[in-house]
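Input: a single structure, listed below in structure tokens.
Since this is a predicted model, take the numbers as computed values, not measurements.
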Amino acid sequence: MTQPEKPQDLIFVESLVNLGLAMGVLITVEGVETEAHIALLREMKINYLQGYAIARPMEAEAVAVADFVRSFVLGVGDADTPMLALYQHLGWVRAAAESVMNHEDYEHTELAACPITTWLHAHASELPEVETSLAEHETVHILGREILQVRQSGTREELHRLLGQLHGHSHRFQEGLGQAVKDMRDNAAVAKAQPPPSENTH
């Protein structure tokens, strides 16, 4: 499965899932190790999962007779993750790109309504250089809005120029977000490893 600090892997996972669905293949995603993975795969409509977030390895006999089979219920997972928010964000970015290639309208998602906006603001105090990520994210939304406007009366050349800019800023945003999340987790791990300050008693 994809890691939060590697948003580009999300595109790879989604591509494989879409390919399998298009071919009518029964898809089982392996390596589901966190609640964040569960939330993301639920959003992708994947029904078969395998990994430590579901259960630890057990003998076949134990599965057959254990209460696990009768009582297990898959939770919704951790929705407060950058990967889930990014997946939802990229949905309309892809729709904007496809509208340029296929000459179709699409429903633009406003900046304030984008899940990534909520996530970035909620974790702003923990994210290094969050202002850069916020600015790149806003630029992507501005370009998406411009594509929608230019579709009404603009030229094909204008649309492709905007699409190139959209892809460039979207890529930089994903890379920056991945690095920021990695730094955030590294900082949290360092802080957790440090011993608490000793109290001076006089």
The single option from Val100, Val150, Leu163 passing side-chain contact (heavy atoms from CB on, under 4.5 Å) against Glu158: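 So the option named by the test is Val150.
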Hydrophobic cluster membership, Leu111 vs Leu177, 4.5 Å side-chain cutoff: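 No; tracing contacts between hydrophobic side chains, which count when under 4.5 Å, never links both residues.
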When rounded to the nearest 0.5 angstrom, what is the spacing between [atom1] in [X] and [atom2] in [Y]?
X: Leu134; Y: Phe173; atom1: CG; atom2: CZ; result: 8.0 Å
X: Leu162; Y: Glu157; atom1: CG; atom2: CD; result: 12.0 Å
X: Leu49; Y: Glu33; atom1: CG; atom2: CD; result: 12.5 Å
X: Gln179; Y: Ser133; atom1: CD; atom2: OG; result: 10.0 Å
X: Thr34; Y: Met83; atom1: OG1; atom2: CE; result: 10.0 Å
X: Ile116; Y: Leu90; atom1: CD1; atom2: CG; result: 8.0 Å

Exercise: identify the closest heavy-atom pair between [X] and [Y]:
X: Ser99; Y: Arg151; value: O-NH1, 3.4 Å
X: His89; Y: Cys114; value: ND1-SG, 3.4 Å
X: Leu40; Y: Tyr87; value: CD1-CB, 3.7 Å
X: Trp92; Y: Gly144; value: CZ3-CA, 3.8 Å
X: Leu41; Y: Val32; value: CD1-CG2, 3.6 Å

Donor on one side chain, acceptor on other, Ser170 and Gln174, under 3.5 Å: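 The answer is yes; a qualifying pair exists.
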Short side-chain donor-acceptor distance under 3.5 Å, His171 and His167: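 The answer is no; no qualifying pair exists.
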Taking the side chain as C-beta and beyond, is there a heavy-atom pair between [X] and [Y] under 4.5 Å?
X: Asn187; Y: Pro128; value: yes
X: Thr132; Y: Val130; value: no
X: Val181; Y: His123; value: no
X: Leu127; Y: Leu120; value: yes
X: Leu26; Y: Tyr48; value: yes

Aromatic ring proximity, centroids under 6.0 angstrom, His169 and His141: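 Aromatic pair excluded; centres sit 6.0 Å or further apart.
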CD/Gln50: more than 12 non-hydrogen atoms of other groups inside 6.0 Å: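 Enclosed.
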Set of salt bridge (charged side-chain N to carboxylate O under 4.0 Å, His left out) partners for Arg94, sequence neighbours left out: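 Scan of Arg94 (salt bridge (charged side-chain N to carboxylate O under 4.0 Å, His left out), adjacent residues dropped) gives Glu14.
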